[in-house]
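Nothing here was measured: the structure is a model prediction, and the numbers come from that model. Numbers here simply count residues along the sequence, with the first being 1.
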Amino acid sequence: MRNILLAAGCSFFCFMANAQLNSAKPIFEFDPNLSPRWSSFENITAEKGKGGMENNGAKGHPSDGVEAGETEVLLNVKGQGIINRIWVTIMDRSPEMLRSLKLEMFWDDEKKPAVSVPFGDFFGMGLGKTAKYNNALFGNPEGRSFICYIPMPFKKAARIQVTNESGKRLSHLFFDVDFQRVEKWNPGNMYLHAYWNRDTATELAKDYELLPRVNGKGRFLGVNIGIKANPIYEQYWWGEGEVKMFLDGDKEFPTLVGTGAEDYIGTGWGQGEFHNDYTGCLFANTDSSGWAFYRYHIPDPIFFKTDCRVTLQQMGGNRKGLVSQLQKKGVPLIPVAIDDQKKIHPYYKKDSLLILDTPGLPEGFSNFYRSDDVSATAYFYLDKPVSTLPQLPGLPLRTKNLWKK
């Protein structure tokens, strides 16, 4: 029953999202504005009446191999349309391959991609890992395929490609990209963008940027985040950091701010594995090997008129006495506050360091800035097909210290 409800939720969101994008009629009513097309190896040009020609109508070209260094084009069409669904499966689903495949999407013949993300991370799974799950934007029904339901409008052209940067051949890649040709363009349509970055050792007291500042009108759609906790903090909780969203000219302080990492995805008092339509944690390894979690702002849209920046504080916590022991050992940390269950005592100052064994401090739970290995994929719509964000980092950073099964 749960899977049925999840599928229904995904279908409802996709239907409603596409209705907003292209003024689609109700599901039971004919819409002359839309003409369905699929791009696959059996019809790579996605042309009408040109599918399955290679083997006289029999199954002839379901997949291709991708040599090391080779780029495989999954979609290359001119004109206006909306991508509704992307499905891909590959033979090698190792963490190395999922991080080594580069997925790029170009809109309206721009030379710079709007999406440039490691393959596995784009499909909603952090840390280069696979999981069985479905939510409103992505799916992986049995852990062997990759599905994206995000609607992606394009006005002049669309190109999607995968580049194999792994150094070895990928023997099999199967895919289809499902889209609609659109007769009438909605001027309110925006272009999908996705941005991935990683910091293997975040700086103390500096918030990690889930999404660096982007300029323009748009919508922050959501993010998936991967955390590899630094073992120098033993198994102390890492997730006290708050998500901040700086909108429309915000400088030092944001308009939107949460209360903690696990709170951001809808849980509390720690973080275990779960997945829902809009929030979830696909991996939660208490031995510090990794957490991968997501939140998608569909029922609570985040629109911006001029600019947007999203960050996550790098903060953990434990009992004051235990954190004090780390501090005495010289472990890099900066105490922030102490919660004695009566009130939260704020102590953080940029120009001085609190010593936790100072006499007279209350006992309780101490929050502290810490340094961990953090990566994230941020998804957003923008009113233009390119942004000024940096390109995808190279393979050494993407594949360093990957999770091992």
His297 side, atom NE2; Leu256 side, atom CG - distance, nearest 0.5 Å
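Going from the NE2 atom of His297 to the CG atom of Leu256 covers 8.5 Å.
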Could you measure the distance from the CD1 atom of Ile83 to the CG atom of Leu75? Nearest 0.5 Å is fine.
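One gets 5.0 Å once the value is rounded to the nearest 0.5 Å.
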Among Gln327, Gln325, Glu363, which one satisfies side-chain hydrogen bond (donor to acceptor under 3.5 Å, both in side chains) with Lys320?
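Output: one option passes, namely Glu363.
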With respect to Arg295, which candidate in Thr279, Asp300, Asn276 satisfies the side-chain hydrogen bond (donor to acceptor under 3.5 Å, both in side chains) definition?
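That would be Asp300; it is the only one of Thr279, Asp300, Asn276 passing the side-chain hydrogen bond (donor to acceptor under 3.5 Å, both in side chains) with Arg295.
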Students often mix this up, so state it plainly: with edges at 30° and 60°, are the rings of Tyr133 and His275 parallel, tilted or perpendicular?
perpendicular
Check the side chains of [Y] and [X] for a donor-acceptor pair under 3.5 angstrom, ignoring hydrogens and angles.
{"X": "Asn55", "Y": "His61", "answer": "no"}
{"X": "Ser166", "Y": "Ser100", "answer": "no"}
{"X": "Asn135", "Y": "Tyr149", "answer": "no"}
{"X": "Trp107", "Y": "Glu110", "answer": "no"}
{"X": "Ser40", "Y": "Glu42", "answer": "no"}
{"X": "Asp357", "Y": "Ser324", "answer": "no"}

Would you say [X] and [Y] make side-chain contact, with heavy atoms under 4.5 Å?
{"X": "Tyr264", "Y": "Val223", "value": "yes"}
{"X": "Asp176", "Y": "Ser39", "value": "no"}
{"X": "Glu165", "Y": "Leu101", "value": "no"}
{"X": "Val77", "Y": "Phe154", "value": "yes"}

Are Phe253 and Phe246 close enough that their ring centers fall under 6.0 Å?
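Centroid separation for Phe253 and Phe246: 6.0 Å or greater.
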Assert yes or no for the condition that the ring centre distance of Phe41 to Phe174 is strictly below 6.0 Å.
no
Testing the basics here: between Leu392 and Pro118, what is the closest heavy-atom pair and its distance to 0.1 Å?
CD1-CD, 3.4 Å
Closest non-hydrogen atoms of Ser375 and Arg99, given as atom of the first, atom of the second and distance, are OG-NH2, 3.5 Å
Evaluate ring-ring contact (aromatic ring centres under 6.0 Å, His included) for Phe293 paired with Trp238, printing each intermediate quantity in order.
CA-CA 14 Å; Phe293 51 101; Trp238 55 267; 5.7 Å; yes
Do Phe146 and Phe119 pass the ring-ring contact (aromatic ring centres under 6.0 Å, His included) test, and can you show the C-alpha distance, the side-chain angles, and the key distance before you say yes or no?
CA-CA 9 Å; Phe146 305 86; Phe119 178 87; 5.0 Å; yes
Whether [X] side chain and [Y] backbone form a donor-acceptor pair below 3.5 Å:
{"X": "Asp248", "Y": "Thr306", "value": "yes"}
{"X": "Lys228", "Y": "Asp372", "value": "no"}
{"X": "Glu72", "Y": "Val66", "value": "no"}

Could you tell me whether [X] atom [atom1] has more than 12 heavy atoms of other residues or ligands within 6.0 Å of it?
{"X": "Trp38", "atom1": "CH2", "result": "no"}
{"X": "Lys48", "atom1": "NZ", "result": "no"}
{"X": "Glu29", "atom1": "CD", "result": "yes"}
{"X": "Arg144", "atom1": "CZ", "result": "no"}
{"X": "Ile344", "atom1": "CD1", "result": "no"}
{"X": "Arg169", "atom1": "CZ", "result": "yes"}

Residue that, paired with Tyr379, satisfies ring pair (Phe, Tyr, Trp, His ring centres under 6.0 Å) out of Tyr191, Trp196, Phe138, Phe123:
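Only match with Tyr379 under ring pair (Phe, Tyr, Trp, His ring centres under 6.0 Å): Phe138.
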Salt-bridge test for Lys168 and Asp92: reply yes if a basic N is under 4.0 Å from a carboxylate O, no otherwise.
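Yes, Lys168 and Asp92 are salt-bridged.
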For Asp307, is there an ion pair with Arg309 - N to carboxylate O distance below 4.0 angstrom?
no
Residues in side chain to side chain donor-acceptor pair (under 3.5 Å) with Glu262, at least two apart?
none
Are Asp121 and Arg198 close enough, and set up right, to give a salt bridge (charged side-chain N to carboxylate O under 4.0 Å, His left out), and what steps lead you there?
CA-CA 12 Å; Asp121 294 80; Arg198 181 185 184 189; over 6 Å; no
Does Phe304 have Lys217 sitting over its ring (NZ/CZ under 6.0 Å from centre, angle to axis within 45°)?
no
Quick check with a 6.0 Å cut-off and a 45 degree axis cone: is Arg219 positioned over the face of Phe303's six-membered ring?
yes
As a quick check of understanding, evaluate side-chain hydrogen bond (donor to acceptor under 3.5 Å, both in side chains) for Ser371 and Asn230, giving each step before the final call.
CA-CA 7 Å; Ser371 172; Asn230 192 330; 4.7 Å; no
